[in-house]
J.: 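Before anything else, here's the structure in question.
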Amino acid sequence: MPRITHCIFDMDGLLLDTERVYTEVTQEILDKYANGIKFSWEFKSKLMGRTGNESAAMVVDEYKLPMTVDEYIDITSQLHEERFPLVKPLPGVERLIRHLYKHKVPMAVATSSSREKFLLKTSRNKELFSLFDYIVCGDDDDIKQGKPAPDLFLAAQKRLGNPSADNCLVFEDATNGVEAGRNAHMHVVWIPDSNLRAIAGDVDSHGATLVLDSMAEFNPEHFDLPAFDTAGNPETIHESDIVHNA
């Protein structure tokens, strides 16, 4: 395995359980405007990792919804605003993030979400996300294309001080994200939802360095990162220890 010095994390469906909300909201709209047609994982997999506008346009076109893309975004935004603040970190996330922070491993979030949506989704997990050195969002000025283009990961790499791509490890749940990480010439840990993994075919074909069922399975030593101190609870980080970066 490569020697990793910097870690870059996707957010939706990887750090936070937000993909469940996206699925529920989309299905509610299809129930109301498209005679209850099933929002399949085959189609959902094509949306994951893309910007909000790209995903919205694809949904409206695919299901021939009787609304404009802007109208679709307005409807979903109202439903998202109610539900996103309630999402929680996925298994293994807190332990790993706190561990890497304690051992001063530089970290960034690289999410296709807009800055506004990022703040909404993380509103009840601010302390956890304050442990990251940088947050890169899909509507930042230097992001021209969403995943599978590498823009988000390249922007995160730049903000982390331009380490070698060979020393950067991307964590992703979406096949588009895995492709984006590989397009950035970085190593990738793929942690797909079981539904996505079932339809993705040969996992080796997606180019990930490692495929896991959960973040809780990740062993830092495989990438020459500091070993977990214990197998117990997430390490305690005190507010006074946190360095807040702009």
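Any value given below was found using the heavy atoms of this structure, including those in side chains, with hydrogens, waters and symmetry copies removed. Remember, it's a predicted structure, so these values are computed and weren't measured experimentally.
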J.: Only one of D173, T175, D213 forms a side-chain hydrogen bond (donor to acceptor under 3.5 Å, both in side chains) with R197, so which one is it?
T.: D213
J.: Suppose we screen for side chain to side chain contact (heavy atoms under 4.5 Å, CB included). Which residues come up paired with P163, at least two apart in sequence or across chains?
T.: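 Side chain to side chain contact (heavy atoms under 4.5 Å, CB included) check on P163 returns H6, Q157, L160, C168.
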J.: State, with a plain yes or no, whether a side-chain heavy atom of W190 is found less than 4.5 Å away from one of L212.
T.: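 SC-SC contact between W190 and L212 ruled out.
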J.: Show the nearest heavy-atom pair for residues G181 and V170, with the distance to one decimal.
T.: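 So the minimum-distance heavy-atom pair works out to CA-CG2, 4.5 Å.
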J.: Out of R50, K121, K117, which residue meets the salt bridge (Lys or Arg N to Asp or Glu O under 4.0 Å) rule with D12?
T.: K121
J.: List, by chain and then residue number, the residues other than L86 in its hydrophobic cluster (Ile/Leu/Val/Met/Phe/Trp/Tyr, side-chain heavy atoms under 4.5 Å); write none if there are no others.
T.: none
J.: Evaluate salt bridge (Lys or Arg N to Asp or Glu O under 4.0 Å) for R20 paired with E24, printing each intermediate quantity in order.
T.: CA-CA 6 Å; R20 172 182 53 82; E24 292 173 353; 3.5 Å; yes
J.: Might you point out which heavy atoms bring I29 and T76 nearest each other, and give the distance in Å?
T.: CD1-CG2, 3.2 Å
J.: Using a 3.5 Å distance criterion without hydrogens, assess whether the side chain of S130 forms a donor-acceptor pair with backbone atoms of E127.
T.: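 Yes.
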J.: Counting N and O atoms only, with roles assigned by atom type, does the side chain of T26 sit under 3.5 Å from a partner on the main chain of T23, one being a donor and the other an acceptor?
T.: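 Checking the backbone N and O of T23 against the side chain of T26, no donor-acceptor pair under 3.5 Å is found.
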J.: Quick check: closest heavy atoms across A110 and A156, and the distance to 0.1 Å?
T.: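 The pair with the smallest heavy-atom distance is CB-CB, 4.4 Å.
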J.: Quick one: ring-ring contact (aromatic ring centres under 6.0 Å, His included) partners of F171, sequence neighbours excluded?
T.: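 F9, F218.
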J.: So which heavy atom on D133 is nearest to which on P106, and how close?
T.: OD2-CA, 3.2 Å
J.: Can you sort out the partners of T5 under side chain to side chain contact (heavy atoms under 4.5 Å, CB included), two or more places apart, ordered by chain and number?
T.: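 With neighbours one apart ignored, the set is R3, N167.
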J.: If you round to the nearest 0.5 Å, how far is CZ of F39 from CG of L30?
T.: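 Output value for this atom pair is 7.5 Å.
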J.: With rounding to the nearest 0.5 angstrom, report the CD1 to CE distance, I8 to M186.
T.: 4.0 Å
J.: Measure from the side-chain N and O atoms of N176 to the backbone N and O of M48, and report whether any donor-acceptor pair falls under 3.5 Å.
T.: yes
J.: So, for C7 and L100, which heavy atoms are closest and what is the spacing to 0.1 Å?
T.: SG-CD1, 4.0 Å
J.: Quick one: does any side-chain atom of T51 pair with a main-chain N or O of E54 as donor and acceptor, under 3.5 Å?
T.: yes
J.: What are the two closest non-hydrogen atoms of M107 and I97, and how far apart are they?
T.: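 Closest approach of M107 to I97: CE-O, 3.7 Å.
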J.: Which ILVMFWY residues are connected to I143, directly or by a chain of links, through side-chain heavy atoms under 4.5 Å apart?
T.: V136, L152
J.: Once you round to the nearest 0.5 Å, how far does CZ of R83 lie from CD of Q78?
T.: 11.5 Å
J.: So, K44 and D193, do they make that salt bridge, N to O below 4.0 Å?
T.: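 Salt bridge between K44 and D193, a charged N being under 4.0 Å from a carboxylate O: no.
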J.: Once you measure the plane-to-plane angle for H80 and F84, does it fall in the parallel (<30°), tilted (30-60°) or perpendicular (>60°) bin?
T.: tilted
J.: Quick check for you: to the nearest 0.5 Å, what is the distance between H103 atom NE2 and F228 atom CZ?
T.: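 The distance works out to 9.0 Å.
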J.: Would you say D229 and H99 are linked by a side-chain donor-acceptor pair, where the criterion is simply a distance under 3.5 Å?
T.: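 Side chains of H99 and D229: no pair found under 3.5 Å.
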J.: Pairing donors with acceptors under 3.5 angstrom, does anything connect the side chains of Q27 and D31?
T.: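 Q27 vs D31: donor-acceptor pair found between side chains.
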J.: Looking at R115, is its backbone amide N or carbonyl O close enough to the side chain of D139 to form a donor-acceptor pair, meaning the two atoms are under 3.5 Å apart?
T.: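 At least one qualifying donor-acceptor pair exists.
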J.: Shared ILVMFWY cluster between L169 and L154, side chains joined below 4.5 angstrom?
T.: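 L169 and L154: separate clusters.
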J.: Mind checking the OG-CG spacing from S113 to L120? Nearest 0.5 Å is all I need.
T.: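 Between S113 OG and L120 CG, I get 9.5 Å after rounding to 0.5 Å.
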J.: Is it true that H187 and F223 have ring centroids separated by less than 6.0 Å?
T.: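 Not close enough - the centres of the two rings lie 6.0 Å or further apart.
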J.: Measure from the side-chain N and O atoms of N219 to the backbone N and O of E221, and report whether any donor-acceptor pair falls under 3.5 Å.
T.: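 Side chain of N219 to backbone of E221, a donor-acceptor pair under 3.5 Å: yes, one is there.
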J.: Return yes if some donor-acceptor pair links the side-chain N/O of S55 with the main-chain N/O of G52 below 3.5 Å, else return no.
T.: no
J.: Is it true that a side-chain atom of D151 and a backbone atom of G146 form a donor plus acceptor pair closer than 3.5 Å?
T.: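 Pair absent, no side-chain N/O of D151 close to backbone of G146.
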J.: Look up atom CE in M215 and atom CG in L15, then write down how far apart they are to the nearest 0.5 Å.
T.: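 That separation rounds to 5.5 Å.
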J.: Table please: side-chain donor-acceptor pairs of residues 58-70 below 3.5 Å, with sequence neighbours left out.
T.:
unit_1	atom_1	unit_2	atom_2	d
K64	NZ	D61	O	2.9
T68	OG1	E71	N	3.1

